[in-house]
2 protein chains.
Amino acid sequence: MRTLSEEAELYIERWNASVGDLSGDCPVRGVLDKISDKWSMLLVMTLASGPKRFNQIRREVPDISQKMLTQTLRDLQRDGMVSRQVFDTKPPSVEYRLTPLGASIIVPFGHLIAWASENHSHIDEARLEFDGQAAA
Amino acid sequence: MRTLSEEAELYIERWNASVGDLSGDCPVRGVLDKISDKWSMLLVMTLASGPKRFNQIRREVPDISQKMLTQTLRDLQRDGMVSRQVFDTKPPSVEYRLTPLGASIIVPFGHLIAWASENHSHIDEARLEFDGQAAA
DNA sequence: CGGCATCCGCTTGGATACTG
DNA sequence: CAGTATCCAAGCGGATGCCG
């Protein structure tokens, strides 16, 4: 091995040190499963620009169902990533905002988003080529 | 808002600039969906430490089924993240390795893993507290 | 060894209707 | 407005058996 950057090597080492046997109950796997959730990170990024109310989030993320929005917000609250504040007005309003923990994931997640926007064109190209060869 | 770091602010800005209306066909969403795949990132990290053969990967990731391993490897190959090399021995052997594109995701993904190992204890605590209050 | 094909259970998640 | 409750379809993914 090879042509990887030193930074990458470092992460690989840490990974190997932290995961042990990669069995399902390794704590990092647990967090990764959360991150893999279809909507979690999208909601975190939506709340990153400020606290928002339920239907306001819904409008900003058009293709989430109300059920999934409720459920994902509750999960994020359970994990201490989002706090929920109810205002006793009528009609009642509920505001969601990132906790410090929730806000702290923005940076590492931002790296991934940066990677995605830099490389999605490469992925598209690779996919076209792959599908072209499969058809031939 | 406001106790976020400047780096976080930068990512939030970029996010807002890049996603437009967050509709399902935004390219960043597309890449994020791939990353959200249950096994993709696990396999990338497994291959990060060097090229490996099919059953070797299976042994290192004990709880993936053969079907999902085949399928995920093919998807990664399609996306240009992994290359597949067949050796014409008997019995035949097949080696998978990261492409430069696949290797390039290790660094941003490493940031997320670092966050996970630093914060999973906070998440566990938050979860215990939340569940305790729910029971009360 | 490294797959592919089939079957099938179970979860995920959407649509709809109702509540405080 | 901000949910809860119920029903139901689609697909993810496991188990098994077969092939080159």
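Chain A is the first sequence line, chain B the second, and so forth, proteins listed ahead of strands; every chain is numbered from 1. In what follows, every heavy atom counts, from backbone to side chain, and hydrogens, waters and symmetry copies are set aside. Owing to the predicted nature of the structure, the values given are computational and were not obtained by experimental measurement.
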Not counting sequence neighbours, list each pair that qualifies as a side-chain hydrogen bond (donor to acceptor under 3.5 Å, both in side chains) and has a residue in residues 69-78 of chain A.
-> A:Arg78-B:Asp131

Residues two or more places apart in sequence or in another chain: which of them pass side-chain contact (heavy atoms from CB on, under 4.5 Å) with B:Asp124?
-> B:His120

Given the rule in the salt bridge (charged side-chain N to carboxylate O under 4.0 Å, His left out) test, do A:Arg97 and A:Glu95 qualify, once you have shown the distances and angles that lead to the verdict?
-> CA-CA 7 Å; A:Arg97 73 174 65 217; A:Glu95 197 176 80; 2.8 Å; yes

Would you kindly compare B:Ser93 and A:Pro91 by the position of their nearest DNA chain C nucleotide and give the one closer to the 5′ end?
-> B:Ser93

Atom-to-atom span, CD of B:Gln66 to P of C:dT6 - whole angstrom = 15 Å

Below 4.0 angstrom, N of the basic side chain to O of the carboxylate: do B:Arg29 and A:Asp63 qualify?
-> yes

Nearest-Å distance for atom pair CG/P, residues B:Asn55 and C:dG2 | 5 Å

With sequence neighbours left out, which residue pairs that include part of residues 80-112 of chain B fulfil the ring-ring contact (aromatic ring centres under 6.0 Å, His included) condition?
-> A:Tyr11-B:His111, A:His111-B:His111

Residue list, side chain to side chain donor-acceptor pair (under 3.5 Å) with A:Asn119, at least two apart or on another chain | none

Protein-nucleic acid N or O pairs under 3.5 Å, nucleotides 7-12 of chain C:
none

Using a cut-off of 4.0 Å on non-hydrogen atoms, how would the nucleic acid contact of B:Lys38 be classed: base, sugar-phosphate, or nothing?
-> sugar-phosphate

Roughly how many Å is it from CG in A:Asp63 to P in C:dG13, rounded to a whole number?
-> 12 Å

Quick one: side chain to side chain donor-acceptor pair (under 3.5 Å) partners of B:Arg14, sequence neighbours excluded?
-> none

Between the first and last five pairs of the helix from C:dC1-D:dG20 to C:dG20-D:dC1, the angle of the axes, rounded to 10 degrees = 50°

Would you please name every residue forming a side chain to side chain donor-acceptor pair (under 3.5 Å) with B:Ser40, sequence neighbours left out?
-> B:Asp37

Rounded to whole angstrom units, what separation is found between the CD1 atom of B:Ile57 and the C1' atom of C:dG2?
-> 11 Å

Terminal contacting nucleotides, 5' and 3', DNA chain D versus chain B (heavy atom, 4.0 Å) | D:dG13 to D:dG20

The salt bridge (Lys or Arg N to Asp or Glu O under 4.0 Å) partners of B:Glu125 (sequence neighbours excluded) come to none

Taking atom C1' of C:dG3 as reference, at what distance in whole Å does atom CZ of B:Arg53 sit?
-> 13 Å

Is a donor on one side and an acceptor on the other found under 3.5 Å between the side chain of B:Ser49 and the backbone of B:Met45?
-> no

Step by step, would you call B:Ile57 with B:Leu47 a side chain to side chain contact (heavy atoms under 4.5 Å, CB included)?
-> CA-CA 8 Å; B:Ile57 301 173; B:Leu47 289 175; 4.0 Å; yes

Does B:Gln56 reach the main-chain N or O of B:Arg53 with its side chain, forming a donor-acceptor pair under 3.5 Å?
-> yes

Can you name the closest pair of heavy atoms from A:Ala116 and B:Val31 and give their distance?
-> CB-CG1, 3.5 Å

Just jot down the side chain to side chain donor-acceptor pair (under 3.5 Å) partners of B:Ser104, sequence neighbours excluded, or say none.
-> A:Trp115

Of residues 69-84 of chain A, the positions that come close to DNA chain D - non-hydrogen atoms, cut-off under 4.0 Å = A:Thr70, A:Arg74, A:Arg84

Between A:Pro92 and A:Ile64, who's closer to the 5' end of DNA chain C by nearest nucleotide?
-> A:Ile64

Is A:Phe87 touching bases, backbone alone, or none of the nucleic acid, heavy atoms closer than 4.0 Å?
-> nothing

